[in-house]
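All remarks here apply to the structure that follows.
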Number of protein chains: 2
Amino acid sequence: MNEMRPIRAKSGTNQEGTSAHNRRVMIDALRLNGQLSRADLARATKLTKQTVSNIIEDLEQDGLVVSLAAVRNGRGQPSTPYRLVPDGAFAIGLQIDRHVTRAIAVDLVGTVLVRAQANLPPGGPANGAKVILDLIEHVRTELAGVADQAEKRLVGLGVAMPGPFGLATDNDDQWMMAAWQNFPLLETLAAGTGLEVALQNDATACATAERMVGAAHGIDHAVCLYVGYGIGAGLILNGELYAGGNGNAGEIGMVLLPPSARHPTQASLEHRASLASLYQHLGADPAEPGLHERLNTLVNNDDPAVVSWIDAAAEELRWGVQLIETIFDPQTVILCSSGPEILTRKLFEAIPPLLPSNADRPDRSAPRLQLGMTDPWSVALGAAAEPISRAFDPRFSAILKTRANALG
Amino acid sequence: MNEMRPIRAKSGTNQEGTSAHNRRVMIDALRLNGQLSRADLARATKLTKQTVSNIIEDLEQDGLVVSLAAVRNGRGQPSTPYRLVPDGAFAIGLQIDRHVTRAIAVDLVGTVLVRAQANLPPGGPANGAKVILDLIEHVRTELAGVADQAEKRLVGLGVAMPGPFGLATDNDDQWMMAAWQNFPLLETLAAGTGLEVALQNDATACATAERMVGAAHGIDHAVCLYVGYGIGAGLILNGELYAGGNGNAGEIGMVLLPPSARHPTQASLEHRASLASLYQHLGADPAEPGLHERLNTLVNNDDPAVVSWIDAAAEELRWGVQLIETIFDPQTVILCSSGPEILTRKLFEAIPPLLPSNADRPDRSAPRLQLGMTDPWSVALGAAAEPISRAFDPRFSAILKTRANALG
DNA sequence: TTATTAAGTCAATTGCTTTGACTTATTTCT
DNA sequence: AGAAATAAGTCAAAGCAATTGACTTAATAA
């Protein structure tokens with residue numbers, strides 16, 4: 001009625017939405033179960049055999065699924081299982097960190113096909129944007145070399161960088177992550193690559209990766225506790241990534257901790273348990289070349305400074321796990337880190353015994369805390385997984401109409 | 001293929017799901033915007049005028065919406081606005097607390113039509129179940145007296161009680177909330193009333209209420225910080241209530257706090273800022289008759305013990321708000337309490353200044369912290385709002401098929 | 001050898017949204 | 001005053017994806 005006042009409403013849907021959802025459900029089911037026959041899919045999705053047949057036929061023509069040899073399962077006609085075709089789709093993931101940027105190309109099932117890395121010069125986007133675009137271009141070219149029709153089947157570019165996003169920045173980081181936030185990064189990348197671009201923070205990216213190929217595969221409620229330069233939680237709630245009202249949900253590194261006997265000043269969790277805190281503890285320069293390797297050696301040699309940091313950090317993380325369990329009530333918590341694998345593993349081992357929480361249930365199936373991917377590339381992998389997930393995973397928003405029809 | 005191994009998959013959808021969703025979207029839009037014409041609805045939902053006309057006609061016949069007088073809005077045919085019919089649906093809400101149980105009847109727009117209360121004898125469900133069923137029956141009869149067709153339009157019974165649910169209970173509460181948890185409450189209520197029954201914890205119920213008629217109305221990301229006998233957070237994420245993997249998300253009262261100078265022992269937030277902590281601070285018996293009124297008087301008279309508790313609790317809650325903002329990144333945090341209104345208000349006023357957090361954004365619209373409903377009946381209201389929401393609000397699960405067809 | 005069971009297809013039907021033309025009612029322009 | 005423009009809303013037909021029920025195929029069990 002009044003065209004001045006904006007009308008708040010959710011979007012409706014139609015048969016296109018229905019069909020899109022059902023396609024996604026099929027793909028998701030194949031991803032989770034490996035291979036399924038049409039009859040299996042019909043039972044699992046509650047659709048009719050005929051509907052499943054129609055959709056599977058479409059998906060096969062689109063090159064997203066293939067049939068396997070028929071299998072006899074007792075009485076009745078043998079079934080023909082289908083599985084996903086890895087080459088059915090590709091995506092590129094980009095991780096922007098303080099000192100380094102990584103790019104990865106993955107396929108529909110999350111296999112990494114290409115990886116490349118470049119150092120980021122200090123000074124933020126002014127100097128870094130070209131490095132990044134070149135890196136993406138490089139990965140894209142390599143991808144075209146190893147996979148047929150890669151360009152045609154490229155569904156998007158996912159970007160992961162440390163959050164939080166969109167704050168009034170008084171964050172005077174010498175590496176100027178803040179500067180990256182003000183820079184029109186997504187627009188620049190979209191223009192420079194011609195791809196759909198989406199952004200997530202590094203903890204969320206880890207969760208995305210764990211969901212596609214890791215410990216959160218097929219789990220509807222999981223939280224990744226990510227120990228990177230900072231600390232964050234990547235949230236999978238109701239089977240979908242949750243980013244919060246402004247994309248900053250899960251920034252548990254910024255939770256303030258009251259002063260305690262051990263730590264007489266108030267501080268954030270991040271100050272006490274992140275890799276940044278480790279570097280400070282060691283008196284190391286985060287930008288030091290080969291730091292990752294040196295750290296690796298120190299951990300392997302049980303360097304006393306590292307050991308003491310692990311003990312202290314594990315105690316904080318133990319608390320963090322209890323916090324996450326209490327607040328999100330997930331089915332499992334997954335520990336991820338961008339540090340050396342051995343460090344992550346030792347940290348993981350130092351965290352138990354877990355504190356009492358509502359996760360102490362008689363009916364548990366998954367462990368309360370498990371070790372996630374320990375590959376430093378997992379953030380980049382998560383970045384690459386995001387466009388795949390957005391294009392193929394069932395989600396509410398995929399059902400809804402995105403634009404009105406010709407006639408109102 | 002293999003019938004032994006369960007197949008994990010999401011449910012598909014069909015035209016029924018589409019239609020159900022579109023109906024819900026219309027109702028939601030009318031709830032949020034008060035009144036809208038068919039043309040308005042078509043624009044807002046991105047559906048066609050014709051589709052909207054069909055659905056509105058249905059809804060009108062179902063008695064859920066009515067047309068109002070046509071209004072001229074400039075050039076063109078005048079539009080005919082529609083609004084929700086309060087009597088279009090009803091629900092009953094039940095709050096089970098330690099010492100008291102309350103029941104409420106609400107209509108489609110959340111107006112409270114009947115309220116009734118009864119004392120719960122100690123001893124848990126053995127003694128309490130009959131009291132509760134009688135109370136519900138009483139409310140139901142009263143409702144039938146004040147509203148036509150109430151019985152026919154009753155969509156369900158919502159239950160709210162303190163969580164957490166389903167834990168290995170070593171919780172030796174003399175009022176035996178634990179006993180309630182083991183009692184087949186939902187089954188008993190469903191059998192005794194013939195209604196659909198659903199359960200939520202009290203903080204979630206508060207959020208449900210705030211979402212239907214309060215500060216979270218139309219907000220997609222909001223968290224209710226609920227100060228009751230315990231402390232909890234009610235979560236509205238992506239426009240839907242979030243309950244976690246086991247219905248225990250948001251139990252922030254159970255977050256462990258490290259020992260601090262002020263509090264030399266480790267404890268949960270609940271121990272320091274809940275009404276239970278206030279009763280303890282005052283040396284009051286929570287079961288004392290007329291405690292609510294006495295507390296009201298004490299607060300009004302600025303009783304020193306109460307004032308000191310408010311100061312201490314506010315400090316903990318200030319931290320709690322920062323925690324919520326950091327972890328959930330909501331658009332707003334809403335303070336709710338089951339205590340006397342004046343106490344809630346004073347607590348609310350004592351919490352600022354808020355701690356720095358990612359909620360400190362240049363582009364904020366809603367206040368970081370606002371006061372929710374201060375009515376002690378708001379938990380019961382939220383309980384009653386749940387069936388209404390479940391029946392009429394747009395949600396992913398409402399689109400999906402719930403059972404397979406005749407032919408696989 | 002025959003009955004039974006299950007996978008999968010075929011052709012027709014159903015049901016909701018969309019389309020495009022049309023009617024109605026009001027304001028604005030000439 | 002009359003004509004043109006604009007917007008709300010209806011009508012009847014078309015489009016489209018899932019459903020239905022009968023049918024075919026291929027295996028095991030009796």
Side-chain angles (χ1 to χ4, degrees), chain A residues 1-3 11-26 35-60 67-82 399-401 403-408, chain B residues 1-3 11-26 35-60 67-82 399-401 403-408:
Chain A
M1 329 174 351
N2 187 335
E3 318 172 43
S11 192
T13 185
N14 56 16
Q15 299 195 88
E16 273 181 66
T18 300
S19 163
H21 172 72
N22 288 345
R23 273 177 69 110
R24 285 168 182 256
V25 166
M26 306 281 165
Q35 50 186 64
L36 294 172
S37 69
R38 300 181 184 202
D40 287 334
L41 283 165
R43 278 186 295 265
T45 62
K46 305 197 169 94
L47 295 167
T48 59
K49 283 187 300 185
Q50 188 57 55
T51 300
V52 170
S53 267
N54 295 339
I55 293 174
I56 287 292
E57 196 182 334
D58 274 13
L59 291 175
E60 193 165 18
S67 60
L68 304 170
V71 296
R72 287 183 291 255
N73 347 264
R75 199 176 271 201
Q77 177 172 330
S79 60
T80 308
Y82 285 78
I399 297 185
L400 275 33
K401 295 189 66 172
R403 55 180 174 206
N405 295 74
L407 311 165
Chain B
M1 329 171 353
N2 187 335
E3 320 172 42
S11 191
T13 185
N14 57 14
Q15 298 194 87
E16 273 181 65
T18 300
S19 164
H21 172 73
N22 288 345
R23 275 176 69 110
R24 285 167 183 256
V25 166
M26 305 281 166
Q35 52 187 63
L36 295 172
S37 69
R38 300 181 182 202
D40 286 333
L41 284 164
R43 277 186 297 264
T45 62
K46 302 194 171 104
L47 295 166
T48 59
K49 284 187 300 185
Q50 188 57 53
T51 301
V52 171
S53 266
N54 295 340
I55 294 175
I56 287 291
E57 197 181 333
D58 274 12
L59 291 176
E60 194 165 17
S67 60
L68 305 169
V71 295
R72 287 183 292 253
N73 350 263
R75 199 178 270 200
Q77 176 172 332
S79 61
T80 307
Y82 285 77
I399 297 185
L400 275 32
K401 295 189 68 174
R403 55 179 174 210
N405 295 75
L407 312 165

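Reminder, nothing fancy here: chain letters follow the sequence lines and each chain counts from 1.
The side chain of A:R72 contributes no N or O atom lying less than 4.0 Å from OP1 or OP2 of C:dA7. Dashed line: the shortest gap from a side-chain N or O of A:R43 to OP1 or OP2 of C:dA7 is under 4.0 Å. Contact between the side-chain N/O atoms of A:R38 and the OP1/OP2 oxygens of C:dT9 is found at a separation under 4.0 Å. Distances shown here put every side-chain N or O of B:S79 at or beyond 4.0 Å from the OP1 or OP2 atom of D:dA7. One finds a side-chain N or O of B:T80 lying less than 4.0 angstrom from the OP1 or OP2 phosphate oxygen of D:dG9. One finds no side-chain N or O of A:S19 lying less than 4.0 angstrom from the OP1 or OP2 phosphate oxygen of D:dC16. Considering only side-chain N and O atoms, A:T48 lies under 4.0 angstrom from the phosphate OP1 or OP2 of D:dT19.
With the nearest nucleotide of DNA chain C identified for both A:G76 and A:S53, A:G76 has the one nearer the 5' end. Looking at which nucleotide of DNA chain D each of B:R75 and A:T51 is closest to, the 5′-most match is held by B:R75. With DNA chain D read from its 5' end, the first of the two nearest nucleotides for B:Q15 and B:Q77 is the one closest to B:Q77.
In this entry the distance linking CG of B:L41 with P of C:dT17 reads 14 Å, nearest Å. Rounded to whole angstrom, the span from the CG atom of B:N405 across to the P atom of D:dT20 amounts to 4 Å. What separates CG of A:N22 from C1' of D:dC16 is a distance of 13 Å, to the nearest Å. Atom CD1 in B:I55 sits roughly 10 Å away from atom P in C:dC16 (whole-Å rounding). Atom CE in B:M26 sits roughly 14 Å away from atom P in C:dC16 (whole-Å rounding). Summarising the geometry, the separation between NZ on A:K49 and C1' on D:dG21 is reported as 11 Å, rounded to the nearest angstrom. Taking atom CG of residue A:N73 and atom P of nucleotide D:dA29, one finds them 12 Å apart after rounding to whole Å. Computed from coordinates, the A:N54 CG to C:dG8 P distance equals 14 Å when rounded to whole Å.
In this view, B:T80 satisfies the side-chain hydrogen bond (donor to acceptor under 3.5 Å, both in side chains) rule with no residue, not counting sequence neighbours. Partners of B:R24 according to the side-chain hydrogen bond (donor to acceptor under 3.5 Å, both in side chains) rule, which considers only residues two or more places apart in sequence or in another chain, do not exist here.
A donor and an acceptor atom sit less than 3.5 Å apart, one in the side chain of B:Q50 and one in the base of D:dC11.
Shortest non-hydrogen contact noted between B:P81 and B:V71 is CG-CG2, 4.3 Å.
Residue B:K401 is in sugar-phosphate contact alone, with no base atom involved, counting any heavy-atom pair closer than 4.0 Å across all strands shown.
Counting only N and O atoms by type, the side chains of A:S37 and A:D40 include a donor and acceptor under 3.5 Å apart.
With contacts defined as side-chain heavy-atom distances shorter than 4.5 Å, the pair B:Q15/A:T18 does not qualify.
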